[in-house]
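Notes follow once the structure below has been shown.
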Amino acid sequence: MRRAKGLAVAGTLAAGLGLAVVPSADAAPSLPIDTTGGAHFAVLVPKGSPFDLAEMAIGAHEGSIVQRWPQIGVIIARSKRADFATNVRKENGVAGVGATRNKAELARRGQGFAPISPRIEERAARGQGTSAAAEPLAANQWNMKLIGADQANEINQGSRDVLVGILDSGIDSSHPDLKGNIDKSTSVNCANAGVPDQTESAWQDEVGHGTHVAGIVAAAKNGVGVAGVAPNVRLASIKVGGTEGFIYPESAICGYIWAADHGVDIVNTSLAIDPWYLWCKADPDQAAVTEAIRRSVAYATSHSVTPVSSLGNNNWDLAHDIVDSKSPTNGPTVTRNTDASCLTLPAELPGVIGVSSVGSAKSRYYNSNHGTGIADLTAPGGDRRFQIPATPDANGQVLSTLPGGQYGYLQGTSMAAPHVTGVLALLKSRYPVLSGNTLKAAAEAGAEVLPCPAGGVHDPGGTGEFRALCEGGSTGAGFYGKGLVNALKAVR
């Protein structure tokens with residue numbers, strides 16, 4: 001059985017080319033480093049030590065510095081040498097080195113988000129005009145009713161003093177439901193190897209995922225389209241991935257550091273960090289990169305940032321050992337047995353609120369990851385197959401904003417996490433002094449407990465395809481953590 005969140009540090013990049021069965025996490029093979037264009041590495045500096053020795057070691061082994069964060073003792077380096085990591089690990093002033101990418105960077109979807117194709121996207125064709133009375137598409141927002149957000153908005157729509165960071169594919173700053181809430185002064189593109197770029201065009205959304213997530217949190221209540229959970233709070237677009245769909249470690253680290261240094265209160269990461277679904281401590285590459293990400297999250301939480309993350313959509317119980325046959329996400333996969341040292345990042349790191357997903361019937365979304373001690377809360381993420389709401393569109397997915405002034409349906413834990421983020425934003429608006437664990441505790445106190453299904457087994461469709469065991473009995477903790485977030489209780 002895997003340990004609960006926060007009790008282990010795990011880590012970065014490895015796994016042999018071609019399909020191979022790996023008997024244990026300890027035997028996970030490493031992918032060869034790209035020696036043609038140079039690979040990226042996270043170099044750890046021991047706590048409290050100067051960067052001088054580490055930087056000298058990087059230069060001595062034909063590496064160059066791409067980015068550095070003295071706040072957390074992490075350097076991103078680049079080198080063409082295949083033995084770079086092995087050699088630099090032996091040098092004084094270096095606590096660890098790990099490749100953040102592998103050799104085969106293919107143009108395919110990452111685990112965090114994928115480009116949204118108009119051919120497969122279901123769009124809402126109605127209600128894009130204005131109305132003085134209500135949001136034209138509100139009748140299709142079953143998700144907002146499920147957590148009482150529609151009623152909460154009549155009492156408190158959130159404070160302009162609250163800033164929510166969306167670590168994602170960017171946000172469309174021209175969208176009529178979002179443009180009034182985007183704080184351009186705190187928006188940034190971190191997707192270029194972790195080097196911040198505040199040019200507005202750089203942090204725009206080319207994928208659609210980030211804009212959809214942003215709308216769930218804070219689409220304005222302005223008589224246009226839809227409304228978010230906290231429609232009056234401000235948003236910072238913190239772009240960590242582009243059209244290829246990958247979110248690499250250096251981009252995520254940059255995002256957390258940026259949020260901490262720019263006054264972000266709550267940060268939403270509806271993603272998992274590529275290229276590993278599970279990062280294993282036994283591999284020195286994976287261990288070093290995980291520690292670098294852990295440091296960035298810890299830095300953020302120490303600066304009163306509350307991190308929220310989706311748990312992923314593999315139908316995995318993250319509290320138990322998992323056979324991972326889907327990693328790496330950007331190259332030929334391997335099949336490996338993982339153990340307690342293997343974590344999904346950032347959701348399983350200390351201080352991060354992990355979110356599972358339910359559909360309109362308040363039952364687990366068939367692909368939602370879960371796990372006792374891993375899932376902290378649950379929220380509407382949609383289920384188009386087994387949970388169909390009585391709405392005009394009869395669409396079990398979540399309706400939200402998309403680039404180009406559009407609206408569309410998506411589903412997954414990516415959609416669940418921003419509901420939790422929105423509720424936390426309402427709580428922060430009402431109680432400005434709350435942050436971190438106190439803010440989380442307040443959200444948990446107001447959550448609706450959802451018990452495990454009869455017999456503890458969820459088998460939608462009855463075919464066993466999405467069968468999952470729920471631990472926790474009447475508490476439902478294995479699937480839902482402390483329960484379904486409630487926006488109305490947050491504002492009352």
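Note that the numbering runs from 1 along the sequence shown for the chain. Note that the structure is a prediction, hence the values are computed from the model and not measured. Keep in mind that the numbers below use all heavy atoms, side chains included, and drop hydrogens, waters and symmetry copies.
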query: Would N486 and V423 count as a side chain to side chain contact (heavy atoms under 4.5 Å, CB included) if you check the C-alpha gap in whole Å, the side-chain angles of each, and the deciding distance to 0.1 Å?
result: CA-CA 7 Å; N486 190 295; V423 170; over 6 Å; no
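Between Y256 and Y299, the ring center distance fails the sub-6.0 Å criterion. Side-chain rings of Y407 and H175 approach one another, their centers coming within less than 6.0 Å.
At most 12 heavy atoms of other shown residues, nucleotides or ligands fall within 6.0 angstrom of atom CG in N437. Heavy-atom contacts from other residues, nucleotides or ligands closer than 6.0 Å to CZ of R467 number 12 or fewer.
Note that CD of Q71 and CD1 of I253 are 11.5 Å apart. Values are rounded to the nearest 0.5 Å.
A salt bridge links E206 to K239: at least one charged side-chain nitrogen sits closer than 4.0 Å to a carboxylate oxygen.
Among the candidates V398, L399, N140, the single residue satisfying the side chain to side chain contact (heavy atoms under 4.5 Å, CB included) test with V226 is L399.
Cation-pi geometry between R385 and Y366 is met: the NZ or CZ atom falls under 6.0 Å from the ring centre, inside 45° of the normal.
With hydrogens and angles disregarded, a donor-acceptor distance shorter than 3.5 Å links the side chain of S159 to the backbone of D161. T199 places no side-chain N or O within donor-acceptor distance of the main-chain N or O of S201, the cut-off being under 3.5 Å.
Contacts classified as disulfide bond (SG atoms under 2.5 Å apart) and involving residues 197-263 (residues at least two apart or in different chains) are given here: C190-C254. Pairs of residues two or more places apart, or lying in two chains, never qualify as disulfide bond (SG atoms under 2.5 Å apart) while including a residue from residues 149-189.
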